[in-house]
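Here the structure comes first, spelled out in structure tokens, and everything after it is commentary.
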Amino acid sequence: MRFKLHDVHVRRTIFSLAESYTSPASVSSGIRALVQKAEYQQALHLYTNHDHSSPLWTSVFTYPSLLKACSSLQNLGYGKTLHASIIVLGLRHDPFVATSLVNLYVKCGSLDYAVQVFDGWSQCGDVTVWNSLIDGYFKFRRFEDGFDLFRRMVVLGVRPDGFSLSIVVSVLCKGGDFRRGEGKQIHGYMLRNSLGDDSFLKTALIDMYFKFGLGTDAWRVFLEVEDKSNVVLWNVMIVGFGDCGICESSLELYVLAKSNSVKLVSTSFTGVLGACGRSEKCCFGRQVHCDVVKMGLDNDPYVCTSLLLMYSKCGKIGEAETVFSCVIDKRLEIWNAMVAAYGENGYGHCALELFNLMREDRVLPDSFTLSNVIACCSMLGLYDYGKSVHAELFKRPIQSTAAIESALLTLYSKCGCDTDAYLVFKLMEEKDVIAWGSLISGLCKSGKFEESLRVFGSMKDDDRVKPDSNIMTSVINACAGSEALSFGLQVHGGMIKTGLVLDVFVGSSLIDLYSKCGLPEMALKVFTSMRTDNIVAWNSMISCYSRNSLPELSIELFSLMFNHGLFPDSVSITSVLVAISSAASLLKGKSLHSYTLRLDIPSDTHLKNALIDMYVKCGFSKYAENIFRKMEHKSLITWNLMIYGYGSHGDCHRALSLFDEMKKAGESPDDVTFLSLISACSHSGFVQEGKNIFESMKQNYGVEPKVEHYANMVDLLGRAGHLEEAYSFIKAMPIEPDSGTWLCLLSASRTHHNVELGILSAEKLLRMEPERGGNYVQLINLYMEAGLKNEAAKLLREMKEKGLQKNPGCSWIEVSNLTHVFFSGGSSSLMASEIFSVLNSLKSNMTDEDEST
């Protein structure tokens, strides 16, 4: 009986133990299941709770899952404990375990431990372990070590798989052009070893060739792919051609993908919309927009952002606003895109208003937001607002990126805050080409050209930084602004060696440099070496001829544009209008005006100002006034041109009236405004009004008079016959009078027969400009008019002995689209006799009318 009771007790104990026992296989499968569901912490807890009872139960298949859990949780300490158990159990040579250990140490930032695991691994034939360490080297940016390990793997006879080649190809993409050769070697290796059928690898190769700028090679690889149903393949092609600037091909591939019934995804649309934006193909972009709506992706945040940016780059800010307003869930990315759109299209105030609205909606800005906002502050000259945005970087933990630092550099240097700009620059950890470019560009834009060139000299001392086309454009502009021709020639020579001279913006800046230095021949050499399909270069050359008093060449070059298949924009027309104004060629000016209206060329303020100037100088102030009255936005230049126009045509009342209207419109006058007003009073004999305006310059408006204002005041008084007052005015001038001031007094003295003041003025002129023949002629004429023939003869002999001549006076008239030029003493026109006949007839008619009255 006792035996039976004991037997029952034993059986119960065994049954209880059996119920509490969990088999190793079930624990291992439970760990693997938890890891697959990304429940890493629970997997480690399950292992910990069962490991203490029997340290030898864990199978080789469990450790890769446990190590994956540790790497995902960045739990290096627990991983090391597992590593110790693996060594004890003798499992470290298993390829799956070794691969998992290498991945653990790489993801936890301990590359040296990963290398030790790899070096202690005795079996070198498994490619997965090699892949894990190669990938680890690349993640730690030890690219050369990664490439060396890949080469070593191939030498030891370990055959790379698709993953090996794809990670190597992806890193080669980032290496730039100097990795082209290695990229092609990898491609050749794939073909020799029959690894070219992998579609994933083919996609990586296509991406690599695009990154190298080899679109043709990418296209060849694409054609080799038999199964083109994979949308990723099409996306890489669409984006690749767009990034390479071959946007037409990108759009064609999009159409081809649709016709092949490829199931397009959001990435497909973002890629093609990017190409539409770069090529400014707004019509095609609208078609893509329709496809987006049909596919139900109009609420996808990435697609919406791409749509907005496309419309922005096409200058359709209204349509960009529509896209923005239709987005229901406005994430930070869409806010950033709209702020950037406003900034890029010159709507800086709108960008700042949207930024304020963004903060009201409690959307926290990031570094991209702030860099765009600071750029808008720089554009608008809002130094204080920009400084307040800068303060936000310290109030909140926003990472200061290179873009923000560059935007701050531009803001402070452009606003003339050199100390702040240099402080930002000094605190930058890594001064890359963008940082140097921002500082140089900002100083250049604020007119500190010599300082800009000094900074460029400092940059050249840093061998790590190579100047790009943006920096060189700013440097050339600084040379042009400071008229540093010698340094500009050195820079030009250096760019010929580096090839940067081929950049259209660099070339245009060189044309501008030689133009400002009075060397149109050099500018033409630069122009002829550039591509003829870019309108920027043509605009620069047209402007160069206008600036150097070669209006005929400027007009001729404008006409030549059409022969090269180019159509002028508003800048082209503005530049050629300057030439037409200087030549007073009314027919050409009216034709050009009609051309802009027919083709609906956008007329900005600069173009309308040029039209007003042209009509004023051609004597048609009524046409100029019509344009002026229809302008919605009138800049200060617009008001000044119209005031000058009325004054130069003897309508001083309207000039003064327009000045009052300008003040009521809230526009503050500048020195040019007062110059035009005093000149208007001078031409109309409004002496007192001219005096009042001159006195009000500094007292009421804080505008310091320049020597030109003093010369105009002398002209005002002299024309009215107040010669003594004019002379007293000159003597009381706080600045040294120039030759123009004395010339005004001399001309007035001749008109009013004041020989004494005339001689005094002429003597001053001859001392200031002894080599100018016109000054001698003025005094000779004064002597002749006063009957002092001996003095006139003496001065004429002196003039001849010095070999001085006066340039003859010149006038011209346009008849039937031909310009006839007349010089004092003769004419080069073939119709001279006919023109003089008409002129004599007009004189006769005028004399008869005068006698009859």
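Ring geometry, F729 versus Y710: the interplanar angle falls from 30° to 60°, so the pair is classed tilted. Between Y701 and F674, the ring-plane angle classifies as tilted under the 30° and 60° cut-offs. Using the six-membered ring where Trp is involved, F487 and F456 have ring planes that are perpendicular, over 60° apart on the 30 and 60° scheme. Using the six-membered ring where Trp is involved, H492 and Y514 have ring planes that are tilted, between 30° and 60° apart.
For E704 and K698, the salt-bridge test passes: some basic side-chain N is under 4.0 Å from an acidic carboxylate O. Comment: K664 does not engage E661 in a salt bridge, judged by the lack of any side-chain N to carboxylate O separation of less than 4.0 angstrom. Using a 4.0 Å cut-off between charged nitrogen and carboxylate oxygen, K387 and D384 do not count as a salt-bridge pair. Under the 4.0 Å criterion applied to side-chain N and carboxylate O atoms, K630 and E625 are not assigned as salt-bridge partners.
Residues P551 and I580 form no side-chain contact, since every pair of their non-hydrogen atoms from C-beta on lies 4.5 Å or further apart. For the pair I612 and M631, the minimum side-chain heavy-atom distance is below 4.5 Å. Between K691 and M713 there is a side-chain heavy-atom pair separated by less than 4.5 Å. Side-chain contact between C479 and L453 is present, with at least one heavy-atom pair separated by less than 4.5 Å. Y646 is not listed as a side-chain neighbour of L656, based on a closest heavy-atom distance of 4.5 Å or more. At a threshold of 4.5 Å between non-hydrogen side-chain atoms, the residues K448 and C444 do not count as touching. Side chains of L553 and N548 form no contact here, defined as non-hydrogen atoms less than 4.5 Å apart. Using a 4.5 Å heavy-atom threshold, the side chains of I643 and M662 count as touching.
Rounded to the nearest 0.5 Å, atoms OG (S482) and NZ (K516) are 10.0 Å apart. Atom CG in L550 sits 9.5 Å away from atom OG in S515 (nearest 0.5 Å). To the nearest 0.5 Å, the span separating OH on Y545 from CD1 on I555 amounts to 13.0 Å. To the nearest 0.5 angstrom, L513 atom CG is 10.5 Å from C544 atom SG. Atoms CG and NZ, on L760 and K764 in that order, are 6.5 Å from each other to the nearest 0.5 Å. Remark: F558 CZ to K588 NZ distance equals 12.0 Å, nearest 0.5 Å.
Applying the ring pair (Phe, Tyr, Trp, His ring centres under 6.0 Å) rule to Y422 yields no partners; only residues at least two apart in sequence or on another chain are considered. Take H653 and apply the ring pair (Phe, Tyr, Trp, His ring centres under 6.0 Å) test, not counting sequence neighbours, and it matches F686.
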Apply side chain to side chain contact (heavy atoms under 4.5 Å, CB included) to K634 and E667, showing your working.
CA-CA 9 Å; K634 300 177 179 69; E667 193 72 64; over 6 Å; no
Please report the C-alpha distance between S572 and D569 in whole Å, then the side-chain angles of each, then the deciding distance to 0.1 Å, and finally whether the side-chain hydrogen bond (donor to acceptor under 3.5 Å, both in side chains) criterion is met.
CA-CA 5 Å; S572 320; D569 58 6; 2.7 Å; yes
Test side-chain hydrogen bond (donor to acceptor under 3.5 Å, both in side chains) on D670 and T673 and set out the steps.
CA-CA 5 Å; D670 65 354; T673 316; 2.8 Å; yes
L489 and M522: side chain to side chain contact (heavy atoms under 4.5 Å, CB included), yes or no, with the steps?
CA-CA 10 Å; L489 288 167; M522 287 290 292; 4.2 Å; yes
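Between T574 and L607, the closest heavy-atom pair is OG1-CA, 3.4 Å. Between A421 and L439, the closest heavy-atom pair is CB-CD1, 4.1 Å. Of all the heavy atoms in L352 and C376, the pair that sits closest is CD2-CB, 4.1 Å. Of all heavy-atom pairs between P520 and M541, the closest is O-CE, 3.8 Å. Contact detail for C377 and L411: the closest heavy-atom pair is C-CD1, 3.8 Å. Of all heavy-atom pairs between L677 and A655, the closest is CD2-O, 4.0 Å.
Atom CG of L586 is surrounded by more than 12 heavy atoms from other residues, nucleotides or ligands within 6.0 Å. Around CZ of F505, the count of heavy atoms belonging to other residues, nucleotides or ligands within 6.0 Å does not exceed 12. Atom OH of Y644 has 12 or fewer neighbouring heavy atoms from other residues, nucleotides or ligands inside a 6.0 Å radius. Atom NE2 of H649 has more than 12 neighbouring heavy atoms from other residues, nucleotides or ligands inside a 6.0 Å radius. By the neighbour-count criterion of 12 heavy atoms within 6.0 Å, atom NZ of K706 is sparsely surrounded, having that number or fewer from other residues, nucleotides or ligands.
Defined by atom type and a distance below 3.5 Å, a donor-acceptor pair is missing between the side-chain atoms of H593 and Y623. With hydrogens and angles left out, the side-chain atoms of D738 and T741 include a donor and acceptor closer than 3.5 Å. Side-chain contact of D715 with S682: a donor-acceptor pair under 3.5 Å is present, judged by distance alone. Side chains of Q688 and N692: a donor-acceptor N/O pair is present below 3.5 angstrom, by distance only. At a cut-off of 3.5 Å, with distance as the only test, no side-chain donor of S543 or S546 sits close to an acceptor on the other residue.
Judged by distance alone, with hydrogens and angles left aside, the side-chain atoms of S575 form a donor-acceptor pair with the main-chain N or O of V571 at under 3.5 Å. Under the 3.5 Å distance criterion, the side-chain polar atoms of H633 are left unmatched by any main-chain donor or acceptor of T605. With hydrogens and angles disregarded, no donor-acceptor distance shorter than 3.5 Å links the side chain of S554 to the backbone of A579.
Between F527 and W538, the ring center distance clears the sub-6.0 Å criterion.
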